[in-house]
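Read through the structure below, which is laid out as structure tokens, and then see the notes.
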There are 2 protein chains.
Amino acid sequence: MVLNRYGHVMARSMNTRRPATLASLAAELGVSRTTVSNAYNRPDQLSPELRRRVLETARRLGYPGPDPVARSLRTRKAGAVGLLLTENLSYAFRDPAAVGFLEGLSLACEEAGQGLLLVPANPEREDVAAVHRAGVDGFVVYSVPDDDPHLAAVLERPVPTVVCDQPDVDSVDRVGIDDREAIAAVARHLIELGHRRIGVVCMRLARDRNDGFVSVQRQREAHFHVQRARLAALADTFGEVGVQWADVPVVERFDHSISCGATAAGQLLDRDPDLTAIICTSDILGLGALNEARRRGLRVPQDLTVTGFDGITEAERAGLTTVRQPVLEKGRAAGRLLMDNADHGRPRTVTLDTELVIGTTAAAPKSSDQWYGP
Amino acid sequence: MVLNRYGHVMARSMNTRRPATLASLAAELGVSRTTVSNAYNRPDQLSPELRRRVLETARRLGYPGPDPVARSLRTRKAGAVGLLLTENLSYAFRDPAAVGFLEGLSLACEEAGQGLLLVPANPEREDVAAVHRAGVDGFVVYSVPDDDPHLAAVLERPVPTVVCDQPDVDSVDRVGIDDREAIAAVARHLIELGHRRIGVVCMRLARDRNDGFVSVQRQREAHFHVQRARLAALADTFGEVGVQWADVPVVERFDHSISCGATAAGQLLDRDPDLTAIICTSDILGLGALNEARRRGLRVPQDLTVTGFDGITEAERAGLTTVRQPVLEKGRAAGRLLMDNADHGRPRTVTLDTELVIGTTAAAPKSSDQWYGP
DNA sequence: TGCGGAGTTGAGAGCGCTCTCCTCACCCAA
DNA sequence: TTGGGTGAGGAGAGCGCTCTCAACTCCGCA
């Protein structure tokens, strides 16, 4: 029976090009499957001569080596890390901050010899199947809304997970920065310069599209931790100097692009031409705001102060006043945390440092606008 | 026996947190595995009521749904595409052209609901294991040297493969551009402007590091098709107007960075200060050459003409005269070719268009340098 | 001649799943 | 009553591999 089966397989492998298997190879050689397996995985477990014969026969039969999927099933490890992004996969390659994160993560994967599987998770469709289908040993989740079904699907999988910029997920390792403190530094800087009439441009706050002004309630209920924290910190910091947050216009953009930053800034300036500063929660949006200012003939920083967040190269080049966060380091830390499978008792947290970068886009408001106070 | 086994599994799933399996779920419910499987994969195959019970019990037992690896083994599809790069994985995120390619490829993957697995293939180590370990339904190979062991390992795998910028691989689908014609356009442009004393900066030609001048033989034997083709086309095109290629200095750089472009240009200018033009085989190198020219106080294009290749955003911003190639389209085409598993008889080839971009970095050489001829 | 041990090889048991037949009711037309 | 159509669910057979543990071979040494 066994011989029949192998014979059958053999025949097919010869004729109909059905790929040879470890078993058919073993049959051909007259050795056990174990021996063939060892030839690939534990060369020290068999004589060099036999190993040579095995590998040579493999070449002859076109046996491509042990099937990775079958091996994964048996060994219970896939040799890859899954990455879940909130956006369309392709988007990640368009945002320099995300690219930096990817670079760091891939660095960590490389160190560990692990593959990096980009999981297609379309935020529009609630198609979680891709998460279920992913053959990975762990997940890194990069800045998704806390109510994202993909995130939920990941957490259901019985594999370790690291989330980024998501302190609100329970019992999972996390990597991030102190978003509150980071943007508070920007706020304090602007306050010192004398700004009180500010506007804010922020990224998507939830899964539904809302391109326009944002109520305080929506700010508080934002599903993206990062944005929520930054807005809250701005509210607190400006609140300390008597700025009523409810009066501060905040414009949201679903898409994250320079042109969105421009239109958002335009929306702010249309409503309130007397703004002295626009705070953006990302450099991409900040660059857009700069463009819009230029388009309107506003001089930056004399007529308008603009700030960003992230510290991407393009922002540096533009002289944008911003907060630099170590995006590459963030990716790397996430990867390492995931792959360092010390059986940690409690969830670990890595908080990375940020740095206020004083560029050339922030200055004291024109004296007519300036606020004189205690 | 069967019951015992299931019982055992169940017990562990309850106590030691061993994840439940489809079989243990079936045992718990008193139905067959098939039914549970159907509950997930073919809802129409069982009554809604039973399905509800199954899913509810699954939730109760913490069953995360069918194991993706086991499913892959059985269905013989992994739901992912592997990407092999010549460089360290992380490098791919630093080269805008590669990022564009990745964006396109991920776009195609997304369309098809496939994952994208970045395979860690360190070019230094000859560690092919990662290729063998990759659980994927196909491979995309992006610009690796034709003697790369990783490429060989991919070709041994019994899965479809698409190579990019690699016309020399047999019986495999390919995507690329007409490198000869593309760079010949640059050459003709420079020839028309009057350049005859030119130098070339090219990327890595083989797997061994050779940062410096390149012999004609090494050019001919280059293992990177793209570089080989471009150099050959330059030789031919300039040869047609009487330039002896053997006299044209060509400098190679192993690493692909702006600073490498700068030092390479420096090497050329040190050896031959009378060069009127430096042709670079990539924009990144071209940007470096621009920097070096600036550093030396050479005006571009009055004192020195510089050209690039790729058409990345940064080059456009710098006004670099270059060739635009549709990198995103290339990635997308590669993905589509791979995923469109029409059982094509012969290997298919997609050749994408390129376009000469006239920037501000190329002009006629100063009259003293100019070549007057027939 | 016998025996412990080192070095090799093999048998059997799954890893967790899906797929292809089957079976078994059940029901309605003839 | 009977034949067979229909829909729900099950049995059995692997997918291709690795791992544990036992067995076998050969050698030197007593």
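The basis for the numbers below is simple: all heavy atoms, side chains too, and nothing from hydrogens, waters or symmetry mates. Within every chain, numbering begins at 1; the chains are lettered A, B, ... in the order of the sequence lines, protein sequences first and strands thereafter.
- The phosphate of D/dC17 has OP1 or OP2 within less than 4.0 Å of a side-chain N or O from A/Y63.
- Distances shown here put every side-chain N or O of A/S32 at or beyond 4.0 Å from the OP1 or OP2 atom of C/dA11.
- No contact: B/R51 has no heavy atom under 4.0 Å from any strand.
- Proximity of A/T21 to the phosphate of D/dG16: no side-chain N or O atom is located under 4.0 Å from OP1 or OP2.
- Atom CG in A/L46 sits roughly 10 Å away from atom P in C/dG10 (whole-Å rounding).
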Do B/E111 and B/R332 pass the side-chain contact (heavy atoms from CB on, under 4.5 Å) test, and can you show the C-alpha distance, the side-chain angles, and the key distance before you say yes or no? CA-CA 10 Å; B/E111 278 175 16; B/R332 176 145 54 182; 4.1 Å; yes
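- Whole-Å rounding puts the B/N41 CG to C/dG16 P distance at 17 Å.
- Taking atom CG of A/L50 as the reference point, atom C1' of C/dG7 lies 13 Å away to the nearest angstrom.
- One can place CG of A/L29 at 12 Å from P of C/dT9, the figure rounded to the nearest angstrom.
- As rounded to whole Å, 15 Å separates atom C1' of D/dG7 from atom CZ of B/R42.
- Between the CZ atom of B/R33 and the P atom of D/dG10 there is a distance of 11 Å, rounded to whole Å.
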Go through the steps to decide whether B/K330 and B/D165 satisfy the test side-chain contact (heavy atoms from CB on, under 4.5 Å), and finish with yes or no. CA-CA 9 Å; B/K330 204 196 272 184; B/D165 302 332; 2.9 Å; yes
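- Taking atom OH of B/Y40 as the reference point, atom P of C/dC19 lies 16 Å away to the nearest angstrom.
- If you measure from atom CG of B/L22 to atom P of C/dT18, you get 6 Å, rounded to the nearest angstrom.
- Looking at residues 66-76 of chain A, you'll see A/L73, A/R74, A/R76 sit with a heavy atom under 4.0 Å from some atom of DNA chain C.
- Taking the six-membered ring where tryptophan is involved, the planes of A/Y63 and A/Y40 are perpendicular, since the angle between them exceeds 60° and thus also 30°.
- For A/S24 (side chain) and A/A20 (main-chain N/O), no donor-acceptor pair under 3.5 Å exists by modelled atom type.
- Residue B/N38 places none of its side-chain N or O atoms closer than 4.0 Å to OP1 or OP2 of C/dT18.
- Here the side chains of B/L83 and B/L105 are in contact, with some heavy-atom distance below 4.5 Å.
- Relative to the side chain of B/S47, the nucleotides D/dC19, D/dA8, C/dC19 differ in distance, and D/dA8 lies closest.
- For B/R51, the CZ atom sits in a packed shell: over 12 heavy atoms of surrounding residues, nucleotides or ligands are nearer than 6.0 Å.
- Heavy-atom minimum distance, A/A70 versus B/L73: CB-CD1, 3.7 Å.
- An OP1 or OP2 oxygen of C/dG10 is reached within less than 4.0 angstrom by a side-chain nitrogen or oxygen of A/T35.
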